[in-house]
Amino acid sequence: QVQLQESGPGLVKPSQTLSLTCTVSGESITTGYYYWSWIRQPPGKGKEWMNTIAYDGSTYYNPSLKRHTSISRDTSKNQFSLQLRSVTPEDTAVYYCVRDSGAVLGGTLDAIPDWGRGTPVTVSS
């Protein structure tokens with residue numbers, strides 16, 4: 001029974017860096033063959049895949065995102081993190097961390113089995 005919990009600031013100013021952390025319990029983030037990802041959903045819009053880190057540390061990014069993003073992990077804490085630099089109000093969204101078996105890399109999100117609750121982030125001055 002894997003559980004994911006997002007944490008981080010709820011408000012970020014434009015041009016700043018958003019950093020979010022996903023704490024995972026019930027399963028090691030190094031267990032093959034699982035993939036750990038960040039998904040976001042702006043108000044009134046659909047969900048969007050942002051990036052992924054695999055069980056072996058490989059990373060994958062959505063090329064449609066022009067702002068500088070990164071994903072990393074701390075295996076000792078069983079956590080992985082999102083960094084989104086130079087944010088704008090268009091980055092306002094609910095941010096989710098998720099786990100699946102890699103299908104997320106194909107662009108389909110409806111089959112992702114395990115989601116965090118999501119954390120709302122507002123970008124505003």
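Both backbone and side-chain heavy atoms feed into the values below; hydrogens, waters and symmetry mates do not.
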With side-chain contact (heavy atoms from CB on, under 4.5 Å) as the criterion, how do Tyr33 and Asp56 come out once you've worked through the C-alpha distance, each side chain's angles and the decisive distance to 0.1 Å?
CA-CA 8 Å; Tyr33 300 91; Asp56 63 356; over 6 Å; no

If a pair satisfies disulfide (SG to SG under 2.5 Å) and one of its residues is in residues 68-116, list it, with sequence neighbours excluded.
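Non-adjacent pairs meeting disulfide (SG to SG under 2.5 Å): Cys22-Cys97.
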
From CD (Gln3) to CZ (Arg99), nearest 0.5 Å
12.0 Å

CG/Asn62 to CZ/Arg40 distance, rounded to the nearest 0.5 angstrom?
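The distance works out to 9.0 Å.
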
Is Tyr35 reachable from Leu4 through a run of hydrophobic residues whose side-chain heavy atoms are each under 4.5 Å from the next?
no

For [X], what residues pass the side chain to side chain contact (heavy atoms under 4.5 Å, CB included) criterion, not counting sequence neighbours?
{"X": "Thr31", "value": "Glu27, Ser28, Tyr34"}
{"X": "Asp110", "value": "Thr108"}
{"X": "Asn51", "value": "Trp38, Tyr61, Thr69, Ile71, Leu82"}
{"X": "Ser124", "value": "Leu11, Thr122"}

Check against side-chain contact (heavy atoms from CB on, under 4.5 Å), Glu48 and Ser64
CA-CA 10 Å; Glu48 177 184 40; Ser64 70; 3.9 Å; yes

Non-neighbouring partners of [X] that pass side-chain hydrogen bond (donor to acceptor under 3.5 Å, both in side chains), sequence neighbours left out:
{"X": "Asn78", "result": "none"}
{"X": "Ser37", "result": "Thr52"}
{"X": "Thr21", "result": "Ser81"}
{"X": "Ser25", "result": "none"}

Pairs satisfying ring-ring contact (aromatic ring centres under 6.0 Å, His included), at least one member in residues 96-115, at least two apart
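Non-adjacent pairs meeting ring-ring contact (aromatic ring centres under 6.0 Å, His included): Tyr96-Trp115.
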
Between Trp36 and Ile29, is there a donor-acceptor pair closer than 3.5 Å when you use the side chain of the first and the backbone of the second?
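Yes, the answer is positive, given that a donor and an acceptor are paired below the 3.5 Å cut-off.
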
Not counting sequence neighbours, which residues clear salt bridge (charged side-chain N to carboxylate O under 4.0 Å, His left out) with Asp100? List them please.
none

Can Thr23 and Gln79 be counted as having a side-chain donor-acceptor contact under 3.5 angstrom?
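Distance-only check passes for Thr23 and Gln79.
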
Results of ring-ring contact (aromatic ring centres under 6.0 Å, His included) for Tyr95 - residues two or more places apart only
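None.
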
